[in-house]
Every structure is written in C-alpha cells, then in structure tokens.
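Index from 1, following the sequence. It should be emphasised that the depicted structure is a prediction, and the values quoted were computed from it without experimental measurement.
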Amino acid sequence: MNPILDNLITEQLNDKTSDIDNLSSTEIMELINNEDRLVAECIQGLIPQIAIAADYIVHAFQQGGRLFYVGAGTSGRIGILDASECPPTYGTDPAMVQGLIAGGFQAIKDPVEGAEDSEELGAADIDSSGITAKDVVIGIAASGRTPYVLGAMKRAGELGAVVIGLCNNPGTPMAGLGQLTIEAVVGPEVIMGSTRMKSGTTQKMILNMLTTTAMIRIGKVYRNLMVDLNPSNKKLVHRAKRIIGLATDASDEVIEAAYHGAEGHVKTAIIMILANVDAEEARSRLLAADGFVRGALQ
C-alpha cells in the first residue's frame, strides 16, 4: 500500500460507474461520454493559465528557443504525438517541438519497466537534449509526482529554462518546480486509475491549445488556414493548393502557376497572387513581415 498514491484523485473509485461491468455497450459508452463532458468544462476554467503557458512558448520561439514535453507512459506518448504533428502541420523544424518519454523511443510502443521511477534518468534526458535558458520544458504527469518527470523539471530549472507542470491532481510535488503548474482536476476515472481516459484527454486538449496558439502567434496561420504546412505527400500537396485557393479565390490555373513559382511554399504563393508580385518580391515581403502573411500584404 502507498497512502500518498492511494489518496490521489485520479486513483479514486468513481461512484457513478461502479456498476459499469453490468451494462450494455451503449450504456457503457453513455457513462464514458458523460464523464468526458467534464473535461471541456475543466479546461475552460484553466484558460488564463494555459494562455500564460502559451505566451512563454511564443517568447521562446521568438528567441530561437524550443519546446520540450516530458512524460512517462500515456503522458509521454501524448507529448510525443503533439510534437510530431507540428512539422507537417506548421512546417516547423522537428527540433522546435520535441517530446521526451521515460524509457526512450522503445517506450512509445512498449512499457519500459522502472524507467519512470528514476529522477536521474529524467535529468539525464534533459542534459542530453542540450536544454538552455531559451527553452520551455513542460512536465506532464497525471499524478503530478512521477519521478522521471520531476527529475527532468528540476534539471531544466537549474539550466534556466522556463518550466511548466501539467497534472491532474491538486497540490502535488510538481507545483513547486516551475513558473507555472496547470492542475487539470477532472475527478476519478471511469475505470479506477486508468488515466489514459479523462486525464489523458485533458492533457491532449491542453497541448493542442498550447501549440496551436503558439503557432498562430508566430505567423504560422493566415485567417484560419495553416499556411506553413509542409506538402510532403500527395494529400498535403492537394491541401496546400486548396489553401491557396481559399485564401485568394484564384482560378486553378493561377493557383497552379503560383504554387510552382513559389516552389511549393504556400505563404509565398498567396502573396504572389494577392499582391500581384513575383516570387522574389513575395519572399522579400514575407521576410520583412517576420513571416506573417497579413503583414506582407499591407
């Protein structure tokens, strides 16, 4: 028995689902859905804190810094998922947003026994990532007390990085380790201790908000279009051309010419069409506007 862990909110029995093993598939799903509704309500109340975290990330990106997520198990996988989706969606360098997981790459698929119990391993992964004062490190742990995550947060703080905690319990050891701790307390899980459910959903939604907001704030979005996507396959080439069309209302022929003239760079193609300039002038305007399409068009 571990009284500290046993008393965590995420480890409590959920009275509303105590008979879930006696229900039909539809009834089980209705219970799960009812509990999932609590996630959005919880996050709504946390928006001021999440916005502060996003502003830290924006500042880091503007200074040439990076964003690191650190977690174990589900939390680590969610961080890696969010990080891995930034390059194709926003055309970022893969080094700009990274995920670290206890146990390394193998742990993405298979559990690595004992890896999450080592503060030293967390600190070592921070050191091997070359963390500096320019970076932001976000520790993610439903319990708020995973040693690997705490060790990484402590070491990142020693190196001068901005350190942010994200957990699903109140008053945890994570709270004293950084500039900000986001406590997304959504109550006991449908299945006791299965933090891949509400806790994991909460973490995923918050990470979506953080990187999406940060990418918008650094010019990766024009209107509500992801104009910095990397057209690395046929689907994304089609999407890139469609985005150019939605931004400009140009004909297919004009879009095709601009796309090739811009060498597949969506922002450049949009500026070429809307400002009626060649690719070189479009690139020059974009550079002068720090990558913001609206600024380049003014």
Note to self: Working note: Y56 + I138, criterion side-chain contact (heavy atoms from CB on, under 4.5 Å); need CA distance, chi angles, decisive distance, verdict.
What the structure shows: CA-CA 11 Å; Y56 278 124; I138 300 182; over 6 Å; no
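- Between I43 and T202 the shortest side-chain heavy-atom distance falls below 4.5 Å.
- F292 and L246 are not part of a single hydrophobic cluster, where members link through side-chain heavy atoms under 4.5 Å apart.
- Remark: V277 engages I271, A275, E281, A282, R285 in a side chain to side chain contact (heavy atoms under 4.5 Å, CB included) (not counting sequence neighbours).
- Residues V136 and I218 fall within the same hydrophobic cluster, defined by Ile, Leu, Val, Met, Phe, Trp and Tyr side chains chained together at heavy-atom separations under 4.5 Å.
- The list of side-chain hydrogen bond (donor to acceptor under 3.5 Å, both in side chains) pairs with a residue in residues 167-193, not counting sequence neighbours, reads T10-N169, N168-Q203, E189-S199.
- Contact check for L100 versus I126: side-chain heavy atoms found under the 4.5 Å cut-off.
- Taking both residues in full, the closest heavy atoms of A72 and A102 are given as CB-CB, 3.8 Å, listed atom of the first, atom of the second, then distance.
- A donor-acceptor pair is defined here as one N or O able to donate and one able to accept, closer than 3.5 Å; such a pair exists between the side chain of K267 and the backbone of G291.
- Between the side chain of N14 and the main chain of P188, a donor-acceptor pair closer than 3.5 Å is present.
- Residues L67 and T211 share a closest heavy-atom pair of CD2-CG2, 4.0 Å.
- Pairs engaging residues 129-138 under the side-chain hydrogen bond (donor to acceptor under 3.5 Å, both in side chains) rule: R66-D135 [sequence neighbours left out].
- Separation of atoms CD1 (I32) and NZ (K198) is listed at 11.0 Å; rounding is to 0.5 Å.
- Judged by distance alone, the side chain of E27 and the main-chain N or O of S24 form a donor-acceptor pair under 3.5 Å.
- Put simply, the side chain of S118 gets close to the backbone of L121: a donor and an acceptor are under 3.5 Å apart.
- Looking at every heavy atom in both residues, I270 comes nearest to A247 through CD1-CB, 3.7 Å.
- Environment of CG in N33: crowded, with over 12 heavy atoms of neighbouring residues, nucleotides or ligands closer than 6.0 Å.
- Put simply, the side chain of Y222 reaches to within 4.5 Å of the side chain of R294, judged on heavy atoms.
- No donor-acceptor pair under 3.5 Å is formed between the side chain of K220 and the backbone N or O of M226.
- For CD of Q62, the number of neighbouring non-hydrogen atoms (other residues, nucleotides, ligands) closer than 6.0 Å is greater than 12.
- In this structure, V162 and V137 have side chains that are not in contact, with every pair of non-hydrogen atoms separated by 4.5 Å or more.
- Between L81 and R77, the closest side-chain pair of non-hydrogen atoms is not below 4.5 Å.
- For the pair D93/P87, no side-chain contact is recorded, criterion being any heavy-atom separation below 4.5 Å from C-beta on.
- When every heavy atom of A269 is checked against every heavy atom of A262, the shortest pair comes out as N-CB, 3.6 Å.
- Atom CG of D278 is separated from atom CZ of R283 by 8.5 Å, given to the nearest 0.5 angstrom.
- Of all heavy-atom pairs spanning L236 and P231, the tightest one is CB-CA, 3.7 Å.
- I57 and F68 fall into different hydrophobic clusters, where Ile, Leu, Val, Met, Phe, Trp and Tyr residues are linked whenever their side-chain heavy atoms come under 4.5 Å apart, directly or through other members.
- Under a hydrophobic-cluster definition in which Ile, Leu, Val, Met, Phe, Trp and Tyr are linked whenever side-chain heavy atoms come within less than 4.5 Å, directly or via other members, L166 and V39 are assigned to the same cluster.
- For the pair I131 and L159, the minimum side-chain heavy-atom distance is below 4.5 Å.
- Donor-acceptor pairing under 3.5 Å is recorded for the side chains of D82 and Y69.
- To the nearest 0.5 Å, the span separating CD1 on I255 from CE on M272 amounts to 12.5 Å.
- At least one donor-acceptor pair under 3.5 Å links the side chain of N34 to the backbone N or O of E30.
- T146 contributes no side-chain N or O that, together with a main-chain N or O of A141, makes up a donor-acceptor pair within less than 3.5 Å.
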Margin query: R217 vs D55, test: side-chain contact (heavy atoms from CB on, under 4.5 Å). Steps then yes/no.
Written below: CA-CA 9 Å; R217 293 277 315 282; D55 288 343; 2.8 Å; yes
Note to self: Let's go through L207 and I78 carefully: what are the C-alpha distance in whole Å and the side-chain angles of both, what is the deciding distance for side-chain contact (heavy atoms from CB on, under 4.5 Å) to 0.1 Å, and is it a yes or a no?
What the structure shows: CA-CA 8 Å; L207 300 196; I78 288 171; 3.8 Å; yes
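- Q98 contributes no side-chain N or O that, together with a main-chain N or O of P94, makes up a donor-acceptor pair within less than 3.5 Å.
- Between atom CD1 of residue I191 and atom CD1 of residue I28 there is a gap of 8.0 Å, rounded to the nearest 0.5 Å.
- I80 and I206 end up in different hydrophobic clusters when Ile, Leu, Val, Met, Phe, Trp and Tyr side chains are linked at under 4.5 Å.
- Using modelled atom types and a 3.5 Å distance limit, the side chains of Y90 and N230 yield no donor-acceptor pair.
- Judged by the 6.0 Å and 45° rule, K241 forms a cation-pi pair with Y259.
- P173 and R145 make their closest contact through CD-NH1, 3.3 Å (heavy atoms, listed as atom of the first residue, atom of the second, distance).
- The closest side-chain heavy-atom distance from I101 to D125 is not below 4.5 Å.
- Between the CG atom in L180 and the CD atom in Q49 there is a gap of 5.5 Å [rounded to 0.5 Å].
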Check: Step by step, would you call M96 with C86 a side-chain contact (heavy atoms from CB on, under 4.5 Å)?
Finding: CA-CA 9 Å; M96 189 172 173; C86 288; over 6 Å; no
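- The pair D127-R155 meets the salt-bridge criterion, with a side-chain N (NZ, NE, NH1 or NH2) lying under 4.0 Å from an Asp/Glu carboxylate O.
- Between the CG atom of D36 and the CE atom of M29 there is a distance of 12.0 Å, given to the nearest 0.5 Å.
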